[in-house]
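Order of the sequence lines fixes the chain letters, A, B, ..., with proteins taken first and strands second; residue numbering starts at 1 for each chain.
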Amino acid sequence: MPELPEVETIVRDLARLLPGRTIKGVEVLRPDLIEGDTPDGFAGKLRGRKIRSVVRRAKNIVMDLGGDRLLVNLGMTGRLLVARTGDEDATHLGARLALDRGRELRYHDVRRFGRLWTLTDGAWTAWDGELGVEPLSDDFTVDWLRGAAARSRVAVKTWLMDQARVVGVGNIYASEGLFRAGVDPRRPADTLSEAELARVRDGVRQVLAEAIEHRGTTFLDYRDARGEEGAFAARLKVYDREGQPCDVCGGTVQRLVQGGRSTFFCPSCQH
DNA sequence: AACGCGCCCTGTCCGC
DNA sequence: TGCGGACAGGGCGCGT
């Protein structure tokens, strides 16, 4: 799915469209998308509630309903769209929230890896506490990285993708951030020098920020809250570029598999 | 305890 | 053209 920049793009769209809207009705077409509740139970917690705000935490969309929160994780192929009532598109439609003023919020998901669920205030605090540091926050420092990485022998690419450590970095931006850092994705996290950790921090932050500016990467399925593609794919340096020349050195971009996921890197730029 | 792997699903593409 | 296998922005639960 959607990694941090894609979720952030959707959240910024929703934050302009949804606050103040009331949920008038709930229709669940794929019950397996609802986490920890029956469709009726889920619907009962949402119906009549007003959406106060929309924020992002890690790769999750979080809507404050005043006390309880509605959370959405898009998995690999989830789409959360604001549409006009009657603007029908039933393709892989999983759930639909009717809003006031002729709008509805629709969740579509081909592979159905995504989830929707609600959390009470207390449960939200506990859930939030299990997640790692936000890479665009001031907490993502070289000092923090050094302390956290020192305890792990996992390959740095896999390390970056663990949401209990750093949130929001998925398969695309882990490869891209390490390319910018000039660090080999296979390096065990605890072998990185202070200077390399600083480059990893800066590389990850820069690529995430640029991707947000370009409204995210549409590789296959990603769409923003209005159904539009992101524009960052054209700016990827290594992801899905196996066999193509490296933009920086002209060498050949290579692919390898780590933890069952593809990693792309330039062996002559990354050490 | 940390880590690696299989699995959840559907769709698409590639090689034979 | 058909078919099997690999692979796709994620994350959970299991065994070691």
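Rounded to a whole angstrom, the distance from the P atom of B:dC9 to that of C:dC3 is 24 Å. When the P atom is used for both C:dG11 and B:dA1, the distance is 23 Å, rounded to whole Å. Of the P atoms belonging to B:dG6 and C:dG5, the separation is 16 Å, rounded to the nearest Å.
For A:Asn73, no side-chain nitrogen or oxygen approaches OP1 or OP2 of C:dG10 to under 4.0 Å.
Here C:dA8 is the nucleotide among B:dC3, C:dG11, C:dA8 with the atom lying nearest to any side-chain atom of A:Ser262. Between B:dT10, B:dC3, C:dG10, one nucleotide has an atom nearer to the side chain of A:Phe113 than all others, and that is C:dG10. Listed candidates were B:dC3, B:dC9, B:dG11. Nearest to the side chain of A:His92 is B:dG11. Among the nucleotides C:dG11, B:dC3, C:dG10, the one closest to the side chain of A:Met76 is C:dG10. If you check B:dC9, C:dC7, C:dG10 against the side chain of A:Arg112, the one that comes closest is B:dC9. Nearest to the side-chain atoms of A:Val154 among the listed nucleotides C:dC7, B:dC3, C:dG11 stands B:dC3. Closest to the A:Val110 side chain, of the nucleotides B:dT10, B:dC3, C:dG10, is B:dT10.
Distance CG (A:Leu33) to C1' (C:dG10): 14 Å, rounded to an integer number of Å. Atom-to-atom, CZ of A:Phe219 to P of C:dG10 comes out at 11 Å; the value is rounded to the nearest Å. In this entry the distance linking NZ of A:Lys157 with C1' of B:dG4 reads 14 Å, nearest Å. Rounded to whole angstrom, the span from the CD atom of A:Gln163 across to the C1' atom of B:dC3 amounts to 16 Å. For the pair A:Glu242 CD and C:dA6 C1', the computed distance is 13 Å after rounding to whole Å. Atoms CG (A:Leu220) and P (C:dA8) sit 10 Å apart, rounded to a whole Å. Between the CG atom of A:Asp240 and the P atom of C:dA6 there is a distance of 19 Å, given to the nearest Å. The nearest whole Å value for the distance from the CG atom in A:Asp221 to the P atom in C:dC7 is 18 Å.
Counted by atom type alone, A:Thr22 and A:Lys50 present zero donor-acceptor pairs between their side chains at under 3.5 Å. A donor and an acceptor atom, one from each side chain of A:Arg215 and A:Thr9, are nowhere located under 3.5 Å apart. With no hydrogens or angles considered, no side-chain donor-acceptor pair links A:Tyr222 and A:Glu3 at under 3.5 Å. A:Asp89 and A:Thr91 form a side-chain donor-acceptor contact under 3.5 Å, judged by distance and modelled atom types alone. No side-chain donor from either of A:Asp68 and A:Thr120 sits under 3.5 Å from a side-chain acceptor of the other.
A:Asp32 comes within contact range of no nucleotide atom at all, as no heavy-atom separation falls under 4.0 Å. No engagement by A:Gly260 is indicated, since no non-hydrogen atom pair under 4.0 Å with the nucleic acid exists. Backbone-only engagement by A:Ser152 is indicated by non-hydrogen atom pairs under 4.0 Å involving sugar-phosphate atoms exclusively. Among the protein residues, A:Arg223 comes within range of no part of the nucleic acid, since none of its heavy atoms lies under 4.0 Å from any strand. Residue contacts for A:Arg255: at a heavy-atom cut-off of 4.0 Å it reaches the sugar-phosphate backbone alone, with no base atom in range.
The base of B:dA2 lies outside donor-acceptor range of the side chain of A:Arg153, with no N or O pair under 3.5 Å. For B:dC9, its base sits under 3.5 Å from the side chain of A:Arg111 at one donor and acceptor pair at least.
Contact of the A:Val133 side chain with the A:Thr141 side chain is not registered, since no non-hydrogen atoms from C-beta on lie closer than 4.5 Å.
Between the side chain of A:Arg146 and the main chain of A:Glu194, no donor-acceptor pair closer than 3.5 Å is present.
Base pairing of B:dA2: its partner is C:dT16, meeting the Watson-Crick or G-U wobble criterion (both donor-acceptor distances under 3.5 Å).
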